[in-house]
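Since the structure comes first, as structure tokens, the remarks are kept for the end.
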Amino acid sequence: MKTVYLKTPLGPAKITGDENGISAVSVLNTDTEDIKYDEVIPEELEDCVYQLREYFAGERREFDLKLNPEGSDFQKRVWDELLKIPFSKTMSYLELSKKLGDVKAIRAVAGANARNPLWIIVPCHRVIGNDGSLTGYAGGLWRKKWLLEHESPYTQQSLF
């Protein structure tokens, strides 16, 4: 398994994977001075680093990567459904449960969403509360808000 660290506007990201695909992308809650950013990116992770850089630069709306996350069959079904949420759109946990065919599975869906190992690439940040609130995000709600604003087709203009 290969690993590389990437500087992002939301903190350092750790990317792991091998020839079978990207297995994890996570944002780290640590001081960036503690992270050693590699100058040489392992070949298996080059596309992921490149595409994440494009995403943060506002030049990429979809990812085209070979993914290989570890999880239960149910978790993988949830993550596959998350991949269908379009860029700059959101969906509630209830809507996601309905798409998976079981409205009563809302807690299990939320749990699978929280265990998503592929930060940003599998867009769990696009799932919100039924009332439109920003709820539950492993990376912190401030990051979820930033990501949704980053993807928004509307830009806030300065009033002054």
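What you see is a predicted model; the values in this text were computed from it and never measured. Each residue takes its place number in the sequence, starting with 1.
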Side chain [X], main chain [Y], donor-acceptor under 3.5 Å:
X    : Y    : result
R115 : G111 : yes
K14  : L6   : no
S97  : Y93  : yes

ILVMFWY cluster, [X] and [Y] together (side-chain gap under 4.5 Å):
X    : Y    : answer
I41  : V27  : yes
L28  : W146 : no
Y50  : V4   : no
L65  : V49  : yes
W142 : L134 : yes

| field | Mutual orientation of the aromatic rings belonging to H125 and Y137 [parallel < 30°, tilted 30-60°, perpendicular > 60°] | value | perpendicular
| task | Please work out which of the three classes, parallel, tilted or perpendicular, describes the rings of Y55 and F87, given edges at 30° and 60°. | result | perpendicular
Of all heavy-atom pairs between [X] and [Y], which one has the smallest distance, and what is that distance?
X    : Y   : answer
A108 : F74 : O-CE2, 3.5 Å
R143 : L10 : NE-O, 2.8 Å
G17  : L45 : N-CD2, 3.6 Å
F56  : P9  : CD2-CD, 3.4 Å

Nearest-0.5 Å distance that lies between atom [atom1] in [X] and atom [atom2] in [Y]:
X    : Y   : atom1 : atom2 : answer
I128 : T90 : CD1   : OG1   : 3.5 Å
D64  : R60 : CG    : CZ    : 7.0 Å
E19  : N68 : CD    : CG    : 9.5 Å
E44  : K66 : CD    : NZ    : 10.5 Å
K2   : S23 : NZ    : OG    : 13.0 Å
D131 : L94 : CG    : CG    : 11.5 Å

What I'd like to find out is whether the side chain of [X] reaches to under 4.5 Å of the side chain of [Y], using heavy atoms alone.
X    : Y    : value
P69  : V122 : no
S152 : S88  : no
F63  : L83  : no

| task | Return yes when atom CD of E62 has more than 12 non-hydrogen atoms of other residues, nucleotides or ligands closer than 6.0 Å, and no otherwise. | result | no
| In this structure, which one of L96, L118, I121 forms a side-chain contact (heavy atoms from CB on, under 4.5 Å) with L82? | L96
| request: Using distance alone, with no hydrogens and no angle criterion, decide if S92 and E95 have a side-chain donor and acceptor under 3.5 Å apart. | output: yes
| said: Does L141 form a side chain to side chain contact (heavy atoms under 4.5 Å, CB included) with T135? I'd like the steps, not just the answer. | reply: CA-CA 7 Å; L141 290 180; T135 59; 5.7 Å; no
| task | Using a strict cut-off of less than 4.0 Å between a Lys/Arg side-chain nitrogen and an Asp/Glu carboxylate oxygen, indicate whether K84 and E81 qualify as a salt bridge. | result | yes
| field | Check ion pair R126-E151 (N to O, under 4.0 angstrom) | value | yes
| said: If you apply the rule side chain to side chain contact (heavy atoms under 4.5 Å, CB included), what do you find for W119 with T8, and how did you get there? | reply: CA-CA 12 Å; W119 179 59; T8 80; 4.0 Å; yes
| task | With side chain to side chain contact (heavy atoms under 4.5 Å, CB included) as the test, would you mind laying out the steps for I15 and L52 before giving the verdict? | result | CA-CA 10 Å; I15 303 166; L52 282 169; 3.8 Å; yes
| Run the side chain to side chain contact (heavy atoms under 4.5 Å, CB included) check on E59 and R53 step by step: do they pass? | CA-CA 9 Å; E59 300 166 355; R53 284 181 178 155; over 6 Å; no
